[in-house]
Amino acid sequence: MAGIPQTLKGRSYTRVGAWTREELELALDLADELKQERARRRELRVLPGRTLGLIFRKPSTRTRVSSEVGIAELGGMALYVPAADLQLARGESTRDTALVLSRFLSGLMLRTYEQAEVEEFAEHASIPVINGLTDEAHPLQALADAMTIRERFGRLQGVRVAYLGDGNNVCHSLLRIAGRFGMELVAASPAGYEPEAAVVAASAADAERHGGSIEVTDDPLAAAAGAHVLYTDVWTSMGQEEEREARLRDLAPYRLDEGKLELADREAVVLHCLPAHVGEEITEEPLYGPRSLVWEQAENRLHTQKAVMALVIR
Ligand code: CP
Ligand code: NVA
């Protein structure tokens, strides 16, 4: 495989919108290569001796494990630090924490509530800061989603994606990456659960430039009709547990079930960022049946995250 491109060294990845289409494409191309190399059991120790710190304020299976395994496979190591164990929890400032951790670590991944916290870390750190999920965005997930769609359809532009359910962090980053690559995305959510208007507007403007389109509707059946990809995410995101009852009620018509799958394109595939709540946002058939690419999508978290780390960590 060719060497690692150097153009993104030192850059943070806090939002999909922080990277241009070409930069995101670099990550997708490298992820494809890393996947092939791994299948051939070739070691690519391009980050020897580097350490990625992971500061998480929320639980994680995929993001944490794929990042820890990913940096190890690149020859480096991971240091997982629950935020509660840092002096950050006792009032040490974000700025000071970022300044100090920059002296020890080669890169930092954060999973937290506020997007502003990730941006503040990125502002003060002299090492790349990677967003491992906030209430607003999940940009690493969006890369794995795009990789999975591109693998299946051989392209992103013009692929028709229906996102059903809560207009949340995962939906926001999916919208942004859909815009960047000219996909045709319809997000179907009930009133009060729509994706943020600013994210929709930015994604739509981008999509138009790249030959795609972004639409928001409250009609899940219209969104699913003819879609190449049906995508959903949990209805109750981390931190929203108190709203669970209302969410179960309000989002029920948006469940990704066999009926919606029947409306989609004959070759349609099902995506879900996981964790899934079977019987809530998705039923068994779409999740485990022949149209599911969910497990491939989960694996692609590893390849895309390795690509991001290899591109940004010096
Ligand atoms: N999809 C995703 O980010 O999963 P985790 O919460 O397990 O990291
Ligand atoms: N929207 C979900 C995604 C989990 C990966 C959450 O924020 O909990």
Side-chain angles (χ1 to χ4, degrees), residues 13-16 31 52-71 78 80-83 108-118 130-149 163-177 187-190 192-196 199 229 231-244 246-248 250-251 254-256 270-278 280-282 287 292-309:
Y13 183 57
T14 60
R15 301 173 292 118
V16 170
L52 175 77
L54 297 105
I55 300 181
F56 279 36
R57 294 189 188 275
K58 294 173 175 173
S60 168
T61 297
R62 281 142 289 268
T63 308
R64 177 182 174 181
V65 177
S66 57
S67 299
E68 292 203 21
V69 169
I71 186 91
Y80 180 78
V81 198
L108 181 62
M109 186 178 293
L110 277 166
R111 169 168 285 204
T112 188
Y113 295 88
E114 303 282 330
Q115 178 71 20
E117 187 182 12
V118 175
I130 301 171
N131 181 349
L133 180 144
T134 63
D135 290 348
E136 272 177 49
H138 198 0
L140 290 175
Q141 182 66 52
L143 274 178
D145 302 342
M147 178 182 182
T148 311
I149 295 169
Y163 177 92
L164 308 177
D166 189 20
N168 60 15
N169 45 9
V170 166
C171 177
H172 287 158
S173 293
L174 186 66
L175 279 161
R176 292 300 265 135
I177 211 152
S189 312
Y193 296 88
E194 302 96 339
E196 276 175 29
V199 176
V229 178
Y231 195 128
T232 193
D233 181 21
V234 296
W235 289 343
T236 305
S237 285
M238 292 178 277
Q240 298 174 331
E241 289 74 12
E242 284 178 9
E243 301 170 18
R244 189 175 138 79
R247 289 176 162 273
L248 285 179
D250 298 343
L251 287 153
Y254 296 79
R255 177 173 299 121
L256 205 176
V270 172
L271 297 183
H272 188 313
C273 64
L274 302 174
H277 294 75
V278 177
E280 292 186 22
E281 77 279 357
I282 195 163
L287 181 61
S292 173
L293 277 186
V294 172
W295 316 104
E296 199 64 27
Q297 178 189 12
E299 180 190 317
N300 286 341
R301 295 293 308 275
L302 173 67
H303 310 301
T304 45
Q305 263 141 250
K306 282 172 75 176
V308 170
M309 291 190 284

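First listed ligand is number 1; within each ligand, the first listed atom is number 1.
- In this structure, the separation between CG on Leu54 and OH on Tyr80 is 8.0 Å, given to the nearest 0.5 Å.
- Listed as neighbours of ligand 2 are Leu133, Asn168, Asn169, Val170, Asp233, Val234, Ser237, Met238, Leu274, each bearing a heavy atom under 4.0 Å from the ligand.
- Checked by atom type, the side-chain pair Gln141/Asn169 shows no donor-acceptor distance below 3.5 Å.
- Ring orientation note: the planes of Tyr163 and Tyr231 are tilted relative to one another, at an angle of 30° to 60°.
- For the pair Met309/Ile130, a side-chain contact is recorded, criterion being any heavy-atom separation below 4.5 Å from C-beta on.
- Take Glu114 and apply the salt bridge (Lys or Arg N to Asp or Glu O under 4.0 Å) test, not counting sequence neighbours, and it matches no residue.
- Residues Gln305 and Ser67 have side chains that bring a donor and an acceptor to within less than 3.5 angstrom of each other.
- Listed by first and then second residue, the salt bridge (Lys or Arg N to Asp or Glu O under 4.0 Å) pairs that reach into residues 52-69 are Arg57-Glu117, Lys58-Asp135, Arg64-Glu68, sequence neighbours excluded.
- By the neighbour-count criterion of 12 heavy atoms within 6.0 Å, atom CD of Glu242 is sparsely surrounded, having that number or fewer from other residues, nucleotides or ligands.
- Thr134 and Gln115 share a side-chain donor-acceptor pair at under 3.5 Å.
- Contact residues for ligand 1 (protein heavy atom closer than 4.0 angstrom to any ligand atom): Ser60, Thr61, Arg62, Thr63, Arg111, His138, Gln141, Cys273, Leu274, Arg301.
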